[in-house]
Every structure is written in structure tokens, then in C-alpha cells.
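Scroll down for the structure; my scribbles are underneath it.
Only this structure's heavy atoms are used, side chains among them; waters, hydrogens and symmetry mates stay out. Reminder, nothing fancy here: chain letters follow the sequence lines and each chain counts from 1. Only a predicted model underlies this, so the values are computations on that prediction, with no experimental measurement involved.
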There are 2 protein chains.
Amino acid sequence: MERDRKERYEEVCQEVHVHEDVVNFVTGEMPEEETLYDLAELFKVFGDTTRIKILYVLFESDMCVCDIAAALNMGQSAISHQLRVLKQAQLIKSRRDGKQVIYSLADDHVRTIINNGMEHIME
Amino acid sequence: MERDRKERYEEVCQEVHVHEDVVNFVTGEMPEEETLYDLAELFKVFGDTTRIKILYVLFESDMCVCDIAAALNMGQSAISHQLRVLKQAQLIKSRRDGKQVIYSLADDHVRTIINNGMEHIME
DNA sequence: CTTTCATATGAATGATTGTTCATATGTTCA
DNA sequence: TGAACATATGAACAATCATTCATATGAAAG
């Protein structure tokens, strides 16, 4: 089984050297484990070039799956799989129009988040 | 070798059905391939619970590696590896203080990006 | 109802990634 | 100089993930 974290930790950094007051303070300020997990999951969705591209084309226009695939020069199946991921993260929504399914951005958070990321890499 | 994308695409969606005008418009508005790649790489860094936690503790206080490991209840090596990733993405910086290395946030973009993500998952 | 078309989905595969273990580097203090 | 300590790093492994292929679903038109 897995050894206790604390035990392994002490093999490297002696307990006495840890600044317990600082450690206790920062852990007290941290959000719930589940919240942090959800946050990481959200960013993970933005962490793929294909999905970023899909969001970018949807910035300009609502589109059906085939057109997105054509715009990104990728297979229909690959796009469909990624649309599912984006939809589950509630970043996009879909409506049916005859034989086609039209995808669009769910809300403006998406633009905000991407623009903030852009600002950072442009620094 | 890999078959041509267009060829494969046409096996599923006939060329004639693609809305070429829309496709041409949205692709024209897209940033450089390299920019999109960098953007995805940036979000990938935020897409891990351990790294999110590290950033959260650094919101509260500059800290040495051992204290971060203690705060997150993880091994020193795991933290050190992730600190490297965060530093390469220029989200954090470090300074030496005797035997210890103190890590701190690089700038306020980090807070902004995380707060935007938080807003989305709290909707 | 049957064919055609657009999209969705499941399994398989190759690539990427986070953590661990072992060890190296570099600093301080005796 | 050498011992002790904090951090960094490389290799290995398990887990996760994006894409592909094959096929299923579901709508529309004949």
C-alpha cells in the first residue's frame, strides 16, 4: 500500500523546518477540494488546440459540425468528440436545424477567459 | 502515409454542402497557428489540480518548496516538478534565500485568469 | 418505407503527462 | 573540507487523452 505522506515528507524536509504558521494559514484560505478540481477540469478543456480553434470559429459565427470540420481541416469525428467535451463543460450549446446541428457559444465567460489568456502570452 | 484531409472529409460531408462563405470568413479571423498553440499550452498549465493548488497558496504568501509540499500534503519532488512547469509558463518566479528557494506569483494575470474560471464554474 | 445525409459514439491506438524513486546539485554551518 | 539540508532532475510507470476507423442514430426527401 501507499506509505503515509507525512512519513515520506519527513524523509526529505524535517518537520521542525516547516513554517507551520504559514502552512496553516494558506491551507485555511484554500477553496474546497471539489471546487479546485472543477476549476482544473475547466481549464483542461481550454488546454487543447483543437478546442481553442473551435471556440475561435464560434466567436465569429454559429456553425454546423461539417463546417467546423472544414474550417479546421479536420475529420468530422474528431470535431464531434471535442464538441462533446466543450458542451459538457457548458462552454457551447447546440440546436438542431433539419439534418444539421448548429453549435454556438454558451455565454460570454468563454471570450473573457480566452482574452485573459491571450493577454498573458502577449506580454 | 496519411490520406489527404479534404479527401477524407468528402467521404462524410459532401463539398457542395459546406457553407464555403462562412468557413472562409471564420478562418480569416483566426489568430496565427502558433498563437493558438501557445494559448492552449498556457491553459494546459492551469488544467491540473496540483498546479491550481500551488497557485492558490502563493496567492496568500510567498513560500519555499518544502512548505508548499507540506501545505498540499504531497512529496517534495512532485511539487518541484510542477513548480518548474509553472515557472516555464512564467506564472511564478523564484528567489534564493539561503538553502531555501522562495516561490511567488509572477504577476496579476494569474489571479485574473483563475478568478474568471471560478466565475464560470460558480454560475 | 427506404435511401441519403449529418452527426454521434465506441473501441483501439499512439502520444502526453503526473507522480514516484533514486540521485545530483548547490548552499550553509561546523 | 565535510556533513547536513533544501531543491532539482532524470528515468520509469500508470493513467489520461486526442484522433482514427467503423458503425450507429436520427432527420429529411424521394
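- The separation between B:Gln88 atom CD and C:dG18 atom P is 12 Å, rounded to whole Å.
- Applying the salt bridge (charged side-chain N to carboxylate O under 4.0 Å, His left out) test to pairs two or more places apart or on separate chains, those with a residue in residues 104-121 of chain B are B:Asp108-B:Arg111.
- Applying the salt bridge (charged side-chain N to carboxylate O under 4.0 Å, His left out) definition to pairs two or more places apart or across chains, none involves residues 70-87 of chain A.
- An aromatic stacking contact links B:His81 with the base of D:dT9, defined here by ring centres under 5.5 Å apart and ring planes under 30° from parallel.
- Partners of A:Asp62 according to the salt bridge (charged side-chain N to carboxylate O under 4.0 Å, His left out) rule, which considers only residues two or more places apart in sequence or in another chain, are A:Arg95.
- Within the structure, every pair that satisfies the ring pair (Phe, Tyr, Trp, His ring centres under 6.0 Å) test and touches residues 64-121 of chain A, not counting sequence neighbours, is listed here: A:His109-B:His120, A:His120-B:His109.
- Listed in residue order, the members of residues 41-49 of chain B having a heavy atom less than 4.0 Å from DNA chain D come to none.
- Under a hydrophobic clustering in which Ile, Leu, Val, Met, Phe, Trp and Tyr are joined whenever their side-chain heavy atoms come within less than 4.5 Å, directly or via other members, A:Ile102 and A:Val110 fall into different clusters.
- For residues 33-42 of chain A, the side-chain hydrogen bond (donor to acceptor under 3.5 Å, both in side chains) pairs, not counting sequence neighbours, are A:Glu33-B:Lys53, A:Glu41-A:Lys44.
- Across the interface with DNA chain D, nearest-nucleotide mapping of A:Gln82 and B:Ile102 shows B:Ile102 to be the residue nearer the 5′ end.
- Applying the side chain to side chain contact (heavy atoms under 4.5 Å, CB included) criterion to B:Ala106, with sequence neighbours excluded, gives no partner residue.
- Rounded to whole Å, the distance from CZ on A:Arg95 to P on C:dA8 is 14 Å.
- Every residue two or more places apart in sequence or in another chain that forms a ring pair (Phe, Tyr, Trp, His ring centres under 6.0 Å) with B:Phe43 is listed here: A:Phe46.
- Of the residues in residues 30-39 of chain B, none lies under 4.0 Å from DNA chain D by heavy-atom distance.
- For D:dA6, neither phosphate oxygen OP1 nor OP2 lies less than 4.0 angstrom from any side-chain nitrogen or oxygen of B:Tyr103.
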Contact letters for nucleotides 22-30 of chain C, in which S counts primed atoms plus P, OP1 and OP2 and B counts the base, heavy atoms under 4.0 Å | B----BS--

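- If you take NZ of A:Lys87 and C1' of C:dT9, they are 14 Å apart, rounded to a whole angstrom.
- Note: the hydrophobic cluster containing A:Ile121 also contains B:Leu36 (ILVMFWY, side chain heavy atoms under 4.5 Å, direct or indirect links).
- Applying the side-chain hydrogen bond (donor to acceptor under 3.5 Å, both in side chains) test to B:Gln82 and every residue at least two apart in sequence or in another chain returns B:Arg51.
- Residues that satisfy the ring pair (Phe, Tyr, Trp, His ring centres under 6.0 Å) test with A:Phe59, not counting sequence neighbours, are A:Tyr56.
- For the pair A:Gln100 and C:dC5, the criterion of a side-chain N or O lying under 4.0 Å from OP1 or OP2 is not met.
- What separates NZ of B:Lys53 from C1' of C:dG18 is a distance of 13 Å, to the nearest Å.
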